[in-house]
Amino acid sequence: MSRIGKKPVELIKGVSASVSGQTIEVKGPKGTRSFTATDDVTLTIDEGSIKVTPRGTSKRARQQWGMARSMVENLVTGVTAGFKKELEIQGVGYRAAMAGNVLKLSLGYSHEVNFAVPAGVTVTSPKNTEIIVEGIDQQLVGQVAANIRESRKPEPYKGKGIRYKGEFVFRKEGKKK
């Protein structure tokens, strides 16, 4: 039995959900999201909660049971609270600034790195060494944050680069004479 799949997903006040076939659509204060489950699970709504049940005892049905329940929970979380990733920039002269819908990054290269922010997420830079990525789609928020980090990963000798807030960078010792 899936421990995750057994728990129903509670619908918070202000959130409505509708199921049509294998597709569930969740509406909330931040927007609307939908998810299409595989044929291995059944989605039902009753008494203010969404339940996911497997359609058999096969290994695939049990795998999809927990995964589908997690996806539905992420839909509800996204339309109510949203998702957020925080990045910090470390390095002398490294900075970030928003210019319209483009994130301009000075990362020690001979040129500025311009990152076009995709639709569905908002990127802000409250300080010139902080970047905050927010949105209702957890996968998209994480992917945008990873793409921004990819433009200058933290290096192991001085720790310079873009890292997630609270990320530990393993430091190496330099050359010895």
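The model shown is predicted, which means the values in this text are computed figures rather than measured ones. Keep in mind that the numbers below use all heavy atoms, side chains included, and drop hydrogens, waters and symmetry copies.
Under the salt bridge (Lys or Arg N to Asp or Glu O under 4.0 Å) criterion, Arg33 pairs with Asp137, sequence neighbours left out. When the side-chain hydrogen bond (donor to acceptor under 3.5 Å, both in side chains) test is applied to Gln90, the partners found at least two apart in sequence or on another chain are Arg163. Among residues two or more places apart in sequence or in another chain, the side-chain hydrogen bond (donor to acceptor under 3.5 Å, both in side chains) test is passed with Thr36 by Thr23. Scored by the salt bridge (Lys or Arg N to Asp or Glu O under 4.0 Å) test, Lys158 finds no partners at all (sequence neighbours excluded). Judged as a side-chain hydrogen bond (donor to acceptor under 3.5 Å, both in side chains), and not counting sequence neighbours, the contacts of Lys165 are Glu86. For Lys30, there are no salt bridge (Lys or Arg N to Asp or Glu O under 4.0 Å) partners at least two apart in sequence or on another chain. With sequence neighbours excluded, no residue forms a side-chain hydrogen bond (donor to acceptor under 3.5 Å, both in side chains) with Glu25. Under the ring pair (Phe, Tyr, Trp, His ring centres under 6.0 Å) criterion, Tyr109 pairs with His111, not counting sequence neighbours.
Between Val19 and Thr44, every side-chain heavy-atom pair lies at or beyond the 4.5 Å cut-off. Considering only heavy atoms from C-beta on, Val123 comes within 4.5 Å of Met98 through its side chain. Residues Leu75 and Val79 form no side-chain contact, since every pair of their non-hydrogen atoms from C-beta on lies 4.5 Å or further apart.
With rounding to the nearest 0.5 angstrom, the CG atom of Leu107 is 9.0 Å from the CD atom of Glu112. The CD1 atom of Ile131 lies 10.5 Å from the CD atom of Glu88; values are rounded to the nearest 0.5 Å. Atom CG of Leu105 and atom CD1 of Ile162 lie 5.0 Å apart (nearest 0.5 Å). Here the straight-line distance linking atom CG of Leu43 with atom OG of Ser18 works out to 11.0 Å at 0.5 Å rounding. One distance of note links CG of Leu11 with CD of Glu47; it measures 12.0 Å at 0.5 Å rounding. Rounding to the nearest 0.5 Å places CG of Leu87 at 11.5 Å from OG1 of Thr129.
Residue pairs satisfying the side-chain hydrogen bond (donor to acceptor under 3.5 Å, both in side chains) criterion with at least one member in residues 166-177, sequence neighbours excluded, are listed as follows: Arg149-Glu167, Glu173-Lys176. Among residues at least two apart or in separate chains, side-chain hydrogen bond (donor to acceptor under 3.5 Å, both in side chains) pairs with a member in residues 66-78 are Arg69-Glu73, Asn74-Gln138. For residues 154-177, there are no ring pair (Phe, Tyr, Trp, His ring centres under 6.0 Å) pairs, not counting sequence neighbours.
Two different hydrophobic clusters hold Met71 and Val141 under the rule that ILVMFWY side chains link at heavy-atom gaps under 4.5 Å. Under a hydrophobic clustering in which Ile, Leu, Val, Met, Phe, Trp and Tyr are joined whenever their side-chain heavy atoms come within less than 4.5 Å, directly or via other members, Ile136 and Ile132 fall into different clusters. Cluster membership check: Phe115 shares its hydrophobic cluster with Ile89, using side-chain heavy-atom separations under 4.5 Å among Ile, Leu, Val, Met, Phe, Trp and Tyr. Cluster membership check: Val117 shares its hydrophobic cluster with Leu140, using side-chain heavy-atom separations under 4.5 Å among Ile, Leu, Val, Met, Phe, Trp and Tyr. Residue Phe83 is not grouped with residue Val26 when hydrophobic side chains (ILVMFWY) are merged at heavy-atom distances under 4.5 angstrom, including chains of intermediate members.
Nearest heavy-atom pair, Ala68 versus Val41, reported as atom, atom and distance to 0.1 Å: CB-CG2, 4.0 Å. Closest approach of Lys160 and Gly91 over heavy atoms only: CG-CA, 4.0 Å. For the residue pair Gly159 and Pro154, the shortest heavy atom distance occurs at O-CB, 4.4 Å. A pairwise comparison of heavy atoms in Ile148 and Ser151 identifies O-OG, 2.5 Å as the closest pair. Shortest non-hydrogen contact noted between Ile45 and Ala17 is CD1-O, 3.4 Å.
In terms of modelled atom types and a separation under 3.5 Å, the side chain of Ser125 and the main chain of Lys127 share a donor-acceptor contact. Asn128 places no side-chain N or O within 3.5 Å of a backbone atom of Arg95 that could act as its donor or acceptor partner.
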Report, one line per pair, each donor and acceptor closer than 3.5 Å where one atom sits in a side chain of residues 50-58; sequence neighbours left out.
| from | atom 1 | to | atom 2 | distance (Å) |
| --- | --- | --- | --- | --- |
| Arg55 | NE | Thr42 | OG1 | 2.9 |
| Arg55 | NH1 | Asp39 | O | 3.2 |
| Arg55 | NH2 | Gln22 | OE1 | 3.0 |
| Ser58 | OG | Ala61 | N | 3.2 |

